[in-house]
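Numbered from 1 within each chain, the chains take letters A, B, ... in sequence-line order. All values below come from the heavy atoms of this structure, side chains included, with hydrogens, waters and symmetry mates left out.
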There are 2 protein chains.
Amino acid sequence: MTEHPMKAIARRLDARNPLDDDDVAALNNVRCAITTHPPESFLFREADRPGDYCSILLSGLAFRQKVTAHGKRQIVAVLMAGDFIDAQHLFLDRADHNLEAATAITVAEFSRHQFRDVILNRPRVGVAAWKEALEEGAIFREWLVTVGARPGPVRVAHFLCELGCRLERAGLASREDFIVPLTQEQIADVLGLTPVHVNRVLKSLVADGLISQRGRSIQVSSWERLTVAGEFNPIYLGPSARHDAHRAQHLPTSTLLRPRGQM
Amino acid sequence: MTEHPMKAIARRLDARNPLDDDDVAALNNVRCAITTHPPESFLFREADRPGDYCSILLSGLAFRQKVTAHGKRQIVAVLMAGDFIDAQHLFLDRADHNLEAATAITVAEFSRHQFRDVILNRPRVGVAAWKEALEEGAIFREWLVTVGARPGPVRVAHFLCELGCRLERAGLASREDFIVPLTQEQIADVLGLTPVHVNRVLKSLVADGLISQRGRSIQVSSWERLTVAGEFNPIYLGPSARHDAHRAQHLPTSTLLRPRGQM
DNA sequence: CGGTCGATTGAACGCACTCAAACGAGGTGG
DNA sequence: CCACCTCGTTTGAGTGCGTTCAATCGACCG
């Protein structure tokens, strides 16, 4: 937490579309603060008018969810460190879903109006924000396919693939060994299954030698086989951001954007 | 088709966020053309690099779909006149899904790079485009709830409510009497059900007196009861654009944006 | 050392699926 | 104009994947 929170946003956006020093300076001028929230707390709820801030997740796991009139909960997105929490509220003034912390989380909140102005007035930042938002849209579409058109075992395998992939891209874990800080009930609510069935399917994946579990940590025995079982094609996640050689030319000369301890 | 196609975009965006005359003029400078496409034709396919155009639907119905490795098709969005077809491709360079015409459609195609510049350099247009994109995201989330957490009969009723609502908002029909130009098989692929089951559910909705059918046209007997059956709450569709009194103050003095024959 | 929450396992049920056949409307060619 | 084909809708019967209900187990915690 010693890092200035705005750096996290700048790094994230720069990964989508290279920013220049002025862009980064503009971002650094945005007023911001860090907050923490315990597991199961809500950052906003459906129909809320959002406050005057916009935020990204700095650590922990959170998810977007909605509850039906019959009381069933559907989790419609899982957020990890670096993800935008409420980009919608930059431009829409009603929340259409609930945002719940899965673990203890830390969040960087920054002035919604100031950030909005930066996005609208600095094309490079705007492009980065657009890519960010559109890539989340692509994930929604893939989730619709998973939930609407894939059998249970494929759903679970696909979800594990996506989570591993995203954690790896975010620099938080290896896709072949990562922790899923979700209960099986929450996984069930992601996938439109019951906790009981998720449990059985996970056990069968273990029995088939695709993964092994230690508590909530997952070891992928064969990434190749798991992607086949999950019909996983990461194209919808966008290009993997690891083009360091290419990106290096565009990075500002300051060390501002580099993750600490990295080259 | 006598209308200049760029007017359709300007009208659509103005409904999201009021534009001024300069904004409209900038939009009118964007190079564009009208194309038509027969039913079942594809405008783009997954993994395609999009061409140098961006388009909106002028007439007809289209949908976004993906096909799983096991050959099941999931329809992830339904587009009607006025909707953006490929806003994603303004900023992402790979299609993550297929875009298929459900009926014969007409499309306005305009220069992607020019339109992108207008969005990035004219904040009012940018805000409108952002709202547009974010509202589609809200629809994705609601669809995830429908497909993942609602029983078949509720899914069908919810889908009919959304379609009626959106058609009415687009000025294309009344929400209590509209045409669904989709086969039951396509509806099934929207809802993650089988055509056979969709058929049975539709029949039961008719038997229960919620709707009646004449061919593919739907008459809603009781909108109230249908929304209850479908657990339908239109909050996710955003504010209904029919604030004519309010919007009038913001409209440019030119008649450019007014739908012909109105007011 | 209970108490709580999540994971696990068993057994029976049911919603939606699959397979299959019949029906009806629209279109085409003889 | 009718015969015929095609495609979508409709209906019936049997099946199965995932659910529901319920009980046990295990781990963490106060």
Side-chain angles (χ1 to χ4, degrees), chain A residues 38-40 61 63 68 70-75 100-104 146-160 179-207 211-218 229, chain B residues 38-40 61 63 68 70-75 100-104 146-160 179-207 211-218 229:
Chain A
E40 292 171 62
L61 211 75
F63 52 83
T68 71
H70 284 16
K72 284 200 70 176
R73 173 181 67 174
Q74 178 69 32
I75 291 174
E100 183 176 347
T103 66
T146 294
V147 170
R150 296 202 238 251
V154 184
R155 293 189 208 187
V156 174
H158 190 280
F159 179 64
L160 292 178
I179 294 176
V180 183
L182 296 173
T183 65
Q184 292 180 359
E185 182 170 17
Q186 289 166 336
I187 297 174
D189 286 345
V190 168
L191 299 174
L193 300 171
T194 55
V196 173
H197 200 236
V198 166
N199 182 281
R200 291 193 227 272
V201 170
L202 280 171
K203 291 294 138 193
S204 79
L205 289 178
V206 172
I211 60 169
S212 57
Q213 305 183 84
R214 277 199 303 272
R216 287 182 185 168
S217 104
I218 301 282
Chain B
E40 293 170 62
L61 211 75
F63 52 83
T68 70
H70 284 14
K72 284 201 70 177
R73 173 180 68 174
Q74 178 70 32
I75 292 175
E100 183 177 347
T103 66
T146 294
V147 170
R150 297 203 237 251
V154 184
R155 293 189 209 187
V156 174
H158 190 280
F159 179 63
L160 292 178
I179 294 175
V180 184
L182 295 173
T183 66
Q184 292 181 359
E185 182 170 17
Q186 289 166 335
I187 297 174
D189 286 345
V190 168
L191 299 174
L193 300 171
T194 55
V196 172
H197 200 237
V198 167
N199 183 279
R200 290 193 226 272
V201 170
L202 279 171
K203 291 295 138 193
S204 80
L205 290 178
V206 171
I211 60 169
S212 57
Q213 307 182 80
R214 278 199 303 272
R216 287 182 185 169
S217 103
I218 301 282

**Student:** Do B:Ile75 and B:Leu182 come close enough that some side-chain heavy atom pair is under 4.5 Å?
**Tutor:**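 Side-chain contact under 4.5 Å: no.
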
**Student:** Please list every donor-acceptor pair under 3.5 Å in which a side-chain atom of residues 192-203 of chain A meets a protein atom from a residue at least two apart or in another chain.
**Tutor:**
{"from": "A:Thr194", "atom 1": "OG1", "to": "A:His197", "atom 2": "N", "distance (Å)": "3.3"}
{"from": "A:Asn199", "atom 1": "ND2", "to": "A:Gln184", "atom 2": "OE1", "distance (Å)": "2.9"}

**Student:** Roughly how many Å is it from NE2 in A:His70 to P in D:dT20, rounded to a whole number?
**Tutor:**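 It works out to 12 Å between those atoms.
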
**Student:** Does A:Thr68 reach the side chain of B:Val154, with side-chain heavy atoms less than 4.5 Å apart?
**Tutor:**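 No, every pair of side-chain atoms sits at 4.5 Å or beyond.
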
**Student:** Can you name the residues that form a side-chain contact (heavy atoms from CB on, under 4.5 Å) with A:Pro39, not counting sequence neighbours?
**Tutor:**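 Partners of A:Pro39 by the side-chain contact (heavy atoms from CB on, under 4.5 Å) criterion, ordered by chain and then number, come out as A:Ala104.
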
**Student:** Note the angle between the end axes of the helix from C:dC1-D:dG30 to C:dG30-D:dC1, five pairs defining each, rounded to 10 degrees.
**Tutor:**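 Inter-axis angle at the ends, rounded: 30°.
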
**Student:** Give the B/S/- string for nucleotides 7-22 of chain C, one per nucleotide from 5' to 3', where a protein heavy atom under 4.0 Å of the base yields B, of only the sugar-phosphate yields S, and otherwise -.
**Tutor:** SBBBB----SSBB---

**Student:** Partners of A:Ser217 by side-chain hydrogen bond (donor to acceptor under 3.5 Å, both in side chains), sequence neighbours excluded?
**Tutor:**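 A:Gln219.
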
**Student:** Using atom names, set out every protein N or O paired with an N or O of nucleotides 28-30 of chain D below 3.5 Å, distance rounded to 0.1 Å.
**Tutor:**
none

**Student:** Of all heavy-atom pairs between A:Val206 and A:Gln213, which one has the smallest distance, and what is that distance?
**Tutor:**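 Smallest interatomic distance, heavy atoms only, reads CG2-NE2, 3.8 Å.
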
**Student:** Residues two or more places apart in sequence or in another chain: which of them pass salt bridge (charged side-chain N to carboxylate O under 4.0 Å, His left out) with A:Arg150?
**Tutor:**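 Here the qualifying residues are A:Glu142, A:Glu231.
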
**Student:** State which residue, out of A:Gln74, A:Lys72, A:Arg73, fulfils the side chain to side chain donor-acceptor pair (under 3.5 Å) condition with A:Asp189.
**Tutor:**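 Option passing the side chain to side chain donor-acceptor pair (under 3.5 Å) with A:Asp189: A:Arg73.
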
**Student:** Any side-chain heavy atom of B:Ile179 within less than 4.5 Å of one from B:Ile218?
**Tutor:**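 A side-chain contact under 4.5 Å is absent here.
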
**Student:** With sequence neighbours excluded, tell me which residues meet side-chain contact (heavy atoms from CB on, under 4.5 Å) with B:Thr103.
**Tutor:**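 B:Thr103 satisfies side-chain contact (heavy atoms from CB on, under 4.5 Å) with B:Leu61, B:Ile105, B:Pro181 once adjacent residues are dropped.
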
